[in-house]
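Structure, as structure tokens:
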Amino acid sequence: MAHLINNDVFLAFSTYATIVILKMILMSFLTIYYRLTRKSFPNWEDTAVGNKNPEERKKLLQTNPDVERVRRCHQNDLENIIPFVVIGLLYALTGPDLSTALLHFRVFVGSRIIHTVAYVMALPQPSRGLAWMVGLLTTFSMAYRVLTTALQL
Amino acid sequence: MAHLINNDVFLAFSTYATIVILKMILMSFLTIYYRLTRKSFPNWEDTAVGNKNPEERKKLLQTNPDVERVRRCHQNDLENIIPFVVIGLLYALTGPDLSTALLHFRVFVGSRIIHTVAYVMALPQPSRGLAWMVGLLTTFSMAYRVLTTALQL
Amino acid sequence: MAHLINNDVFLAFSTYATIVILKMILMSFLTIYYRLTRKSFPNWEDTAVGNKNPEERKKLLQTNPDVERVRRCHQNDLENIIPFVVIGLLYALTGPDLSTALLHFRVFVGSRIIHTVAYVMALPQPSRGLAWMVGLLTTFSMAYRVLTTALQL
């Protein structure tokens, strides 16, 4: 194990993977914030806080566009950040240059932060689309190196 | 590879990660169970089993609140268990004490089992919310150790 | 790190995990293709391309059954491919025979490709259900080996 922990690229991967996963978890808290302020809950038992009146509780079960927007952003994170983590881990083990690896990790994490801001604030396209594409290109570049290093069908 | 397999913390991580991933897969079977008993399917081709009448098949395409509840629970698993697995793997490689690591893994897995029971059985809040928060705190604690050990921006 | 990269089973895992994650990312592009051809978008800012008329933009916000189908297929990938990657990584570290490991990886990746074709083309059941089950059985078989090798509660 010592050599993983003494390996600069692996340490860099650990740092950026943890940061971007924490960013993804942040979406859960943002969803809760919007659910509370927009009064929109998915489950009957969630509507009981401070409410006894069944009629008022029913109103809290409606969907809200701001909540749905944050949830779509969270879903997009799942669809893009998890592939980055998996392929990034394998990429780190192929022994790339530290500077090349850092470039990949930083561009990806930066692109996802911009993507989140563009999604949650509903910035005009193509801001969100470009951020999404830059993140994917980073992942593809790492996947290319993994496949050319490891290819063993 | 031998030293990963001879490392107690890594073995403990492998055990608990596998258990909690299997728990997540269980949600797929629970969804199928509810789809069959509540007669609620998402795709036209799923409604053909034992049905030839197009009118009756159309009725099977409606959503059902019990099915949607299980699917929300599955989604919450994806949003929480995957971060645990990623950060837990990196955490196991930082060389923590076995007892500390076991505490993290056991609390997380326990919290997710309680979360699932609370969600599927619609137990009164804050049971589900607390279970969710305990699981996240475990993940945050491991992320803190990964970042303080590996931080390399 | 050298011994991971010199290990045949780990190289095979890296190859198949990367391929199946790339297949999962393909679903994002398929979603975009269906959104563009079916004119169905989730966000107001996505409807601005080539449209100035608010009435016409509103029409683009409706859901479309083909888009929803591809998104369900993507969701099923998240629910099944990620468990494969996690358990497959731990399985590769238990030191299985290369031929046994290759059999698991190939059957899983093949089953997911068939699953995607069956889902997107709406082939009659049980084609999609069987492909899904074969993939899961591969994952269960690997989980069994991980637990019998590593079990440390």
Side-chain angles (χ1 to χ4, degrees), chain A residues 1-32 35-36 41-51 61 63 71 74-75 77-79 81-86 88-89 92-93 98 101-102 105-106 109-110, chain B residues 1-10 65-66 68-69 71-73 75-96 118-129 132-133 135-137 139-140 142-153:
Chain A
M1 187 126 19
H3 62 229
L4 276 183
I5 281 309
N6 290 330
N7 181 282
D8 280 348
V9 173
F10 196 82
L11 289 179
F13 170 73
S14 300
T15 305
Y16 285 97
T18 302
I19 288 171
V20 80
I21 290 277
L22 290 176
K23 191 226 79 62
M24 189 167 86
I25 293 176
L26 178 69
M27 302 315 292
S28 295
F29 290 93
L30 208 54
T31 302
I32 292 174
R35 284 201 186 287
L36 289 171
F41 298 92
N43 303 293
W44 177 249
E45 67 268 25
D46 305 340
T47 63
V49 180
N51 280 301
L61 286 177
T63 59
R71 295 186 63 230
H74 199 167
Q75 184 70 14
D77 273 358
L78 285 170
E79 292 168 5
I81 289 176
I82 298 164
F84 164 80
V85 169
V86 172
L89 174 71
L93 297 174
L98 178 59
L102 278 172
F105 302 157
R106 284 170 182 161
V109 174
Chain B
M1 186 127 20
H3 62 228
L4 276 182
I5 281 309
N6 291 330
N7 181 281
D8 280 348
V9 172
F10 196 82
D66 294 338
E68 297 309 305
R69 174 178 286 276
R71 295 185 64 229
R72 285 195 298 275
C73 183
Q75 183 70 13
N76 196 280
D77 272 359
L78 285 170
E79 292 168 4
N80 288 276
I81 288 177
I82 297 165
F84 165 80
V85 168
V86 172
I87 290 175
L89 173 71
L90 302 174
Y91 168 79
L93 297 175
T94 64
Y119 215 146
V120 174
M121 303 189 67
L123 299 187
Q125 288 281 32
S127 59
R128 192 183 92 231
W132 171 80
M133 182 48 78
L136 268 189
L137 289 177
T139 307
F140 288 152
M142 295 191 301
Y144 177 77
R145 179 169 168 108
V146 172
L147 287 180
T148 50
T149 308
L151 196 63
Q152 186 144 335
L153 296 169

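Computed from a predicted model, the values in this text were never measured in an experiment. Letters A, B, ... mirror the listed sequences (proteins, then strands); counts begin at 1.
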**Request:** Rounded to the nearest 0.5 Å, what's the gap from CZ on A/Phe10 to CG on B/Leu90? Could you check?
**Result:** 5.5 Å

**Separation of B/Leu93 CG from A/Ser14 OG (nearest 0.5 Å)** = 7.0 Å

So which part of [X] gets closer than 4.5 Å to some heavy atom of chain A, the side chain, the backbone, both or neither?
X	result
B/Gln75	side chain
B/Thr139	side chain
B/Leu89	side chain

Output a table of donor-acceptor pairs, distance under 3.5 Å, between side-chain atoms of residues 21-28 of chain A and any protein atom two or more places apart or on a different chain; print 'none' if there are none.
{"unit_1": "A/Lys23", "atom_1": "NZ", "unit_2": "A/Asp77", "atom_2": "OD2", "d": "2.7"}
{"unit_1": "A/Lys23", "atom_1": "NZ", "unit_2": "A/Thr116", "atom_2": "OG1", "d": "2.9"}

**Request:** Measure A/Ala17 against the heavy atoms of chain B and call it side chain, backbone, both or neither at under 4.5 Å.
**Result:** side chain

**Request:** Measure distances from A/Phe105 to the heavy atoms of chain B and classify the residue's part below 4.5 Å as side chain, backbone, both or neither.
**Result:** neither

**Prompt:** If you draw a 6.0 Å radius around CE in B/Met133, do more than 12 non-hydrogen atoms from other residues or ligands fall strictly inside?
**Reply:** yes

**Prompt:** Around atom CZ of B/Arg71, are there more than 12 heavy atoms of other residues, nucleotides or ligands at under 6.0 Å?
**Reply:** no

**Step-by-step side chain to side chain contact (heavy atoms under 4.5 Å, CB included) determination, B/Tyr144 to A/Thr18** = CA-CA 9 Å; B/Tyr144 177 77; A/Thr18 302; over 6 Å; no

**Message:** Shorter than 4.5 Å, heavy atoms on both sides: which option in A/Asn43, A/Ile32, A/Leu78, A/Val109 has the most such pairs with chain B?
**Reply:** A/Asn43

**Item:** Check ion pair B/Arg69-A/Glu45 (N to O, under 4.0 angstrom)
**Value:** yes

Donor-acceptor pairs are to be reported for all side-chain atoms of residues 80-87 of chain B against protein atoms at under 3.5 Å, with residues two or more places apart or in another chain.
{"unit_1": "B/Asn80", "atom_1": "OD1", "unit_2": "B/Trp132", "atom_2": "NE1", "d": "3.2"}
{"unit_1": "B/Asn80", "atom_1": "ND2", "unit_2": "B/Asn76", "atom_2": "O", "d": "2.8"}
{"unit_1": "B/Asn80", "atom_1": "ND2", "unit_2": "B/Asn76", "atom_2": "OD1", "d": "2.9"}

**Asked** Okay, side chain of A/Thr15, backbone of B/Ala150: is any donor-acceptor separation there less than 3.5 Å?
**Response** yes

